[in-house]
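Here is the structure we will look at.
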There are 2 protein chains.
Amino acid sequence: MATGRTHRPATRSRGIPEATVARLPLYLRALTALSERSVPTVSSEELAAAAGVNSAKLRKDFSYLGSYGTRGVGYDVEYLVYQISRELGLTQDWPVVIVGIGNLGAALANYGGFASRGFRVAALIDADPAMAGKPVAGIPVQHTDDLEKIIDDNGVSIGVIATPAGAAQQVCDRLVAAGVTSILNFAPTVLSVPDGVDVRKVDLSIELQILAFHEQRKAGEEAQADGAGPAAVTREESDASADQGPDGDVPAVMPA
Amino acid sequence: MATGRTHRPATRSRGIPEATVARLPLYLRALTALSERSVPTVSSEELAAAAGVNSAKLRKDFSYLGSYGTRGVGYDVEYLVYQISRELGLTQDWPVVIVGIGNLGAALANYGGFASRGFRVAALIDADPAMAGKPVAGIPVQHTDDLEKIIDDNGVSIGVIATPAGAAQQVCDRLVAAGVTSILNFAPTVLSVPDGVDVRKVDLSIELQILAFHEQRKAGEEAQADGAGPAAVTREESDASADQGPDGDVPAVMPA
DNA sequence: TACTGTGAAGATATTCACAGCT
DNA sequence: AGCTGTGAATATCTTCACAGTA
């Protein structure tokens, strides 16, 4: 086969486990906050708490990147920020296009967390001719007809799909044909892509359903009600908070 | 940690593995689509393709729920829809509040995927007095001051946080104190909650960073360029598409 | 015959616990 | 003394492959 290796199990890339990659952005966020407060070093314990994971996991994760810490001391914040950024590929510029400028697309366009990392909204695309030219977040919306040209002119390799479900696959096909190789999908559909193209999905409805599952469980658990009422109890677990997303899959939103 | 008990490893609840729970909504979505097309039965192979997983995984997942299929035939669509819905707790009504009605909050309020499942947007809450009373998605926005009363009056146990990062923890604390036990967090912060409260997070920036990591990898892989160019090739992997979200963690968005 | 349900194998991920630096 | 880095032990998840059954 062409692009990616041959039959990859969809996991691990080079030496870094997928689960670790998924946590690097979390560490990076925590480190950035420390950096802004001019904190020079952190211990695995402190950083883990700030990122919401446990320290053994964090140290193991960092061990895949190399030995960036100092025994007896901790990690140099600035240095780690740089190393993780580089590992994630954030030291380069990533032009991104957002397709589907409904409520959600507009929210994404306005999202401030882009520029701070290496991302740049290169263009907004929508199928509604009435939207063409109208600025959203200071960027004029362009029509779907020009999708291929926009991708090409801007050297875009990452696309965000925020269209209704019905349009998603078609948009996806065009993005891929135009050269996009990574897609973040907010439409509640399974996208079919050729080998070598990465898709990640975000689905609000799915997340809520997972919460409902656990919520239901809790309700049925009012048997040995030894402790206090439903609210109350402020015991923290080991490190940070409760289970901040027990892994699992991701979910998706959709505009109007 | 997760639900209640004392020291659980943040995984599995009762007999159903967390990874399976996270996929049930996917199956449900695919089944609902089949149901709308009046398809009476599906094989694990077909349903798996529609949900974007492989059939062995799907069968294993279903085996945790019970033996709902018929050998030699497949699964009864309607029956499965019901069983999964029940398992996820979607046969009951879940009133939800959304706090933070910026771009994203509004997008969520307008999201149609709610009612179709058991969710109902009971109230929209924002800290901006200027927004109070203004209808978004047909629901009048209420002020944060009344948060506790709103939670209480509506019997809300699931809250969605779509505020800026700085306000998230405070909102979270109030939601929890008012009785909310499940939170979907779109703010890019780690929330600290007492034991017994579930938090799931959705962070756009994190998803993009994970894509960037893989994208960078691909770029550095143009060594043994034996096949065709970057685009092209339409070979599907085993079942559905390529790696549709290699699990990992979740990420978060933020309004303006 | 065709397809489910599942034990067993294999792959990943998490956690423990301690050796090894500074 | 304090904290990192990591082998080894566990726990979890995925995949295989086939017995069982309608």
Side-chain angles (χ1 to χ4, degrees), chain A residues 7-24 27 40-49 51-77 79-80 83 237-239 243-249, chain B residues 1-2 7-24 27 40-49 51-77 79-80 83 237-239 243-249:
Chain A
H7 243 228
R8 206 129 39 84
T11 344
R12 176 165 300 193
S13 306
R14 189 179 69 183
I16 305 180
E18 192 56 37
T20 295
V21 171
R23 280 187 296 266
L24 291 181
Y27 302 142
T41 59
V42 258
S43 67
S44 62
E45 203 69 54
E46 295 165 327
L47 184 53
V53 304
N54 83 18
S55 63
K57 194 186 285 182
L58 177 144
R59 286 200 304 279
K60 180 64 103 180
D61 283 343
F62 285 0
S63 80
Y64 293 115
L65 308 182
S67 288
Y68 295 150
T70 307
R71 291 170 203 241
V73 180
Y75 300 93
D76 181 276
V77 172
Y79 187 56
L80 246 195
Q83 291 299 344
E237 189 50 43
S238 47
D239 286 285
D243 61 314
Q244 206 97 182
D247 262 38
D249 225 338
Chain B
M1 202 112 291
H7 245 223
R8 209 126 38 82
T11 344
R12 176 163 300 187
S13 308
R14 191 181 67 185
I16 305 180
E18 192 56 38
T20 294
V21 171
R23 281 188 294 268
L24 292 181
Y27 302 142
T41 60
V42 257
S43 66
S44 61
E45 203 70 54
E46 295 166 326
L47 183 54
V53 303
N54 82 20
S55 62
K57 194 185 286 182
L58 176 144
R59 287 200 304 279
K60 181 62 103 180
D61 283 341
F62 286 179
S63 79
Y64 294 114
L65 308 184
S67 289
Y68 296 150
T70 307
R71 292 171 202 243
V73 179
Y75 301 93
D76 182 277
V77 173
Y79 186 58
L80 247 194
Q83 291 298 344
E237 190 51 44
S238 46
D239 286 285
D243 59 315
Q244 203 101 180
D247 263 39
D249 223 339

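These figures come from a predicted structure and were not determined experimentally. Both backbone and side-chain heavy atoms feed into the values below; hydrogens, waters and symmetry mates do not. Each chain gets a letter, A, B and so on, in the order the sequences are listed, and its residues count up from 1.
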Expressed as a whole number of angstroms, how long is the span from [X]:[atom1] to [N]:[atom2]?
X      : N       : atom1 : atom2 : result
L58(A) : dT15(C) : CG    : P     : 12 Å
L80(A) : dT4(D)  : CG    : P     : 11 Å
Y64(A) : dT6(D)  : OH    : C1'   : 9 Å
I16(A) : dT12(C) : CD1   : P     : 15 Å
E45(B) : dT1(C)  : CD    : C1'   : 16 Å
L65(B) : dT6(C)  : CG    : P     : 11 Å
R23(A) : dT12(C) : CZ    : C1'   : 11 Å
L47(A) : dG5(D)  : CG    : P     : 12 Å

Check: Of the nucleotides dT4(D), dT15(C), dG5(D), which one has an atom closest to the side chain of S43(A)?
Finding: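 Nearest listed nucleotide: dT4(D).
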Beyond-backbone contact of [X] with [Y], side-chain heavy atoms, under 4.5 angstrom:
X      : Y      : value
L65(B) : Q83(B) : no
T41(A) : T70(A) : no
L80(A) : L47(A) : yes

[X] vs [N]: side-chain N/O to OP1/OP2 distance below 4.0 Å:
X      : N       : answer
R59(B) : dT14(D) : no
K60(A) : dT6(D)  : no
S44(B) : dT4(C)  : yes
N54(A) : dT14(C) : no
Y75(B) : dG5(C)  : yes

Notebook entry, point to check: So, F62(B) versus Y68(B), ring centres under 6.0 angstrom or not?
Noted result: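 They do not qualify: ring centres at least 6.0 Å apart.
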Next item on the list: With rounding to the nearest 0.5 Å, note down the distance linking CG in D61(A) to CZ in R59(A).
Entry: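 The CZ atom of R59(A) is 11.0 Å from CG of D61(A), to the nearest 0.5 Å.
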Next item on the list: For F62(A), answer base if it contacts any base atom (sugar-phosphate contacts may also be present), sugar-phosphate if it contacts only those atoms, and nothing otherwise; contact means non-hydrogen atoms under 4.0 Å.
Entry: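 It contacts nothing in the nucleic acid.
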Checklist line | Residue whose closest nucleotide on DNA chain D lies nearer the 5' end, D61(B) versus G66(A) | finding: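 Nearest-nucleotide comparison on DNA chain D picks G66(A).
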Margin query: On the side chain of R71(B), is there an atom forming a donor-acceptor pair with the base of dT21(D) - under 3.5 Å, no angle test?
Written below: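 Flag unset: no donor-acceptor pair detected.
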